[in-house]
Amino acid sequence: MTGPSTSMPVAGLVPAPRREPAHADLLVRNAKVFTGDPHRPHAPAVAIRDGRVAALGDDHELAPLVGPGTRVVDALGRRVVPGLNDSHLHVIRGGLNYVLELRWDGVRSLRQALVMLREQAGRTPKGQWIRVVGGWTAEQFAERRMPTVAELNAAAPDTPVFVLHLYQSALMNRAAVHAAGFTRDTPDPRGGQIVRGRDGEPNGVLLAAPGALVLYSTLAKAPTLDAADRRTSTRHFLRELNRFGLTSAVDAAGGFQNFPDDYATVTDLAAAGELSLRIAYHLFPQTAGQELADLKRWTEMVRPGDGDAWLRLNGAGENLTWAAADFENFSEPRPELAAGYEEVFERAVRILVENGWGFRLHATYDETIRRDLTVFEKLAAEGLFPGGGRWLFDHAETVSAGSLDRIAALGGAVSVQNRMSFQGLAFRDRYGSEAAAHTPPVRAMLDRGLTVAAGTDATRVSSYNPWVALHWLITGRTVGGTPLRGPANLLGRDTALGLYTRGGARLTGEEDVKGMLREGYYGDLAVLSDDYFTVPDHVIPDIEAVLTVVGGRIVYASAEYEGLDEELPPIAPAWSPVTRFGGYQAGGARQAALVAEAAAESAEHRRWRAARGAGPGSSPSFVDPCFTH
């Protein structure tokens, strides 16, 4: 006998179908993923969907996310890190000129640099210049010296050559002196010197004394690209930055970068979806005496945050008023800024903070920082600091403990760059080893809980290679290997990487979407050629990405992944130094080919000297004989 049923049928209800997770667009597996997320610092794989991190886990956990349209990349056990973010990079200006420049970044010998220069002279058409603009220092060369004007004349007798060395000087061959219009009657510009020979004629040396305006105004006389070639140049420069795992940059504006004209190229690329690097940009008043009018006009035109995830306005600076800017030429004494600049400077800051704008300030020396902080403290008494806008000091090489405390109290931040790895010897020679050991005091900044972000200040002094900057943060050594910063001021590798990822995101207010690999954050990452966390210190500057991903897009691919990235238009003009030498000169096939070519040419030079009686036993000269005829 069957008992009564204890079930109650309910009409209209049916079991819900099992929901399958949405498939990923990209899955990077078999990796050593360092996420930068303290809650989950490591994972074997990462999946990206709709431009953002969808999941982290192992292959089994992420298998359901693989569908017919998923691109699966085997990292082959390589290290994966969040995409790097250079918090102070002149990326817009650099892009407009990249294909015109012969880069000596990473070149290991002056001999090789001059070989590159001579070959480029044979490729450069009449009316164009060869320009070597930053990213190198004499200390990186085996010869430990700069080229001479005589060597430039020998390597390129007819093609104008302009070689910028840090913020200190520039060398020009005879053709460049003529092309720039310099004569015995040309007056020295304010803050600079056109060096002259006994006959009173310019001898090809320009000195920043102490300001670099003479260097940059001379460079501005060289021919520029048309709009189409600027676009191509910028795309190739961004690809070059992607090569090192950079996925974001904060553009610090700068001299000779006018808004909106010089921003048109990146704006057009953003509208076309052709940026491969996220850019947060700043606006920099260009004309002394017109700064307040420019700032007021800009606050009525645009607002910080305008744009999107690829291109957005971040604020003003790194100059607000010209009178408040110091110089960073460590071969010259620290400049004394004009008395009373604070009046106009205060008005500039007030315009910004009252309109909710953030800003950044170029300040190399503590003397400048203290004067600026006094203005901020006056405005703080009115309730304007800490305000809603993010603000920071750039560089801050000699900032004092007292000034750091004041910055913290006012809600400020600091962006540091590795300028000392290129010009640290000049600083040490002027201020001493003890001062150099604490320049800048990065550890003291972090100990106070300040937001600190790292960058390069490329392209006119330091190289844009972020791994050179990370090496400096970790070891305190210059590009020539000289130790400067003391042990107490060095950073661990995870901390240094954090300044290059989370730090930059904080400066742009994007720390909730960028700077680490976490579900919901941007799918920005780099698969590295070497494991940053385990390689010896001296290998760090040679790290590159073999795969760089921005928003789920593969924007750079090499090694086993060659061809997975997006195709770029050919470099134009065809004679561009980049078509022959590329950008940063690092390891690999390109460098090996250059070395082999230099060695072959060296053999020819030896035969040439022997034919003229200058055999192997001849006394060496300061100017290589092969460049004197």
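Pairing each heavy atom of Gly582 with each of Tyr98, the nearest pair is C-OH, 4.2 Å.
A heavy-atom distance below 4.5 Å is not found between the side chains of Phe34 and Asp531. In this structure, the side chains of Pro466 and Leu246 come closer than 4.5 Å at one or more pairs of heavy atoms. Contact of the Thr364 side chain with the Thr368 side chain is not registered, since no non-hydrogen atoms from C-beta on lie closer than 4.5 Å. Put simply, the side chain of Glu397 does not reach to within 4.5 Å of the side chain of Glu328, judged on heavy atoms. Contact check for Met445 versus Leu404: side-chain heavy atoms found under the 4.5 Å cut-off.
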Quiz prompt | From CA spacing to verdict: side-chain contact (heavy atoms from CB on, under 4.5 Å), Arg78, Leu528 | solution = CA-CA 6 Å; Arg78 289 188 171 103; Leu528 303 182; over 6 Å; no
Practice problem: Run the numbers on Asp25 and Arg553 for salt bridge (charged side-chain N to carboxylate O under 4.0 Å, His left out), then give the verdict. | Solution: CA-CA 9 Å; Asp25 301 313; Arg553 289 168 48 200; over 6 Å; no
Exercise. Might you work through the side-chain contact (heavy atoms from CB on, under 4.5 Å) test for Gln257 and Asp251, ending with a clear yes or no?
Key: CA-CA 11 Å; Gln257 184 172 313; Asp251 185 84; 3.0 Å; yes
Quiz item: So Asp394 and Leu392, side-chain contact (heavy atoms from CB on, under 4.5 Å) or not? Walk me through it.
Solution: CA-CA 6 Å; Asp394 275 308; Leu392 63 133; 3.7 Å; yes
Practice problem: Begin from the C-alpha positions of Arg278 and Asp524 and carry the test salt bridge (charged side-chain N to carboxylate O under 4.0 Å, His left out) through to its verdict. | Solution: CA-CA 10 Å; Arg278 304 184 193 274; Asp524 301 351; 2.8 Å; yes
Exercise. Go through Glu560 and Val546 one step at a time and tell me if the side-chain contact (heavy atoms from CB on, under 4.5 Å) criterion holds.
Key: CA-CA 8 Å; Glu560 295 86 355; Val546 294; 5.5 Å; no
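Put simply, the side chain of Arg430 gets close to the backbone of Ser331: a donor and an acceptor are under 3.5 Å apart. Counting only distance, with no hydrogens or angles, the side chain of Thr35 and the backbone of Arg40 share a donor-acceptor pair below 3.5 Å. Of the possible donor and acceptor atoms, none in the side chain of Glu61 sits under 3.5 Å from a partner among the backbone N and O of Ala55. Listed for the Arg303 side chain is a donor-acceptor partner under 3.5 Å among the backbone atoms of Asn355. Remark: side-chain polar atoms of Asp59 are not paired, donor with acceptor, to backbone N or O of Leu62 under 3.5 angstrom. Side-chain atoms of Ser529 do not come within 3.5 Å of backbone N or O of Ile543 as any donor-acceptor pair. Remark: side-chain polar atoms of Arg71 are not paired, donor with acceptor, to backbone N or O of Leu26 under 3.5 angstrom. For the pair Arg448 (side chain) and Ala444 (backbone), a donor-acceptor distance under 3.5 Å is present. At least one donor-acceptor pair closer than 3.5 Å links the side chain of Gln585 to the backbone N or O of Gly583. Distance alone, capped at 3.5 Å, places no donor-acceptor pair between the Asp457 side chain and the Asn418 backbone.
Here the two rings, on Phe427 and Tyr167, have centers that are 6.0 Å apart or farther. Aromatic rings from Tyr464 and Phe237 are positioned such that their centres are separated by under 6.0 Å.
A donor-acceptor pair shorter than 3.5 Å cannot be found between the side chains of Thr234 and Thr265. A donor-acceptor pair shorter than 3.5 Å can be found between the side chains of Asn314 and His282. For the residue pair Ser462/Gln417, the side-chain donor-acceptor check at 3.5 Å is not satisfied. In this model, no donor atom of one side chain and acceptor atom of the other lie less than 3.5 Å apart for Arg390 and Thr508. Residues Asp366 and Ser403 bring a donor and an acceptor atom of their side chains to less than 3.5 Å of each other.
Checked against Trp467 for a ring pair (Phe, Tyr, Trp, His ring centres under 6.0 Å), the options Tyr532, Phe244, Trp472, Tyr584 give a single hit: Tyr532.
Classification of the Tyr365-Phe330 ring pair by plane angle, with boundaries at 30° and 60°, yields perpendicular.
In this structure, the separation between CD on Glu511 and OG1 on Thr501 is 12.5 Å, given to the nearest 0.5 Å.
Applying the ring pair (Phe, Tyr, Trp, His ring centres under 6.0 Å) definition to pairs two or more places apart or across chains, those involving residues 70-97 are His88-His90, His88-His395. A ring pair (Phe, Tyr, Trp, His ring centres under 6.0 Å) check over residues 489-528, counting only residues at least two apart or in different chains, returns nothing.
Every residue meeting the ring pair (Phe, Tyr, Trp, His ring centres under 6.0 Å) condition with His165, not counting sequence neighbours, appears here in chain and number order: Trp136.
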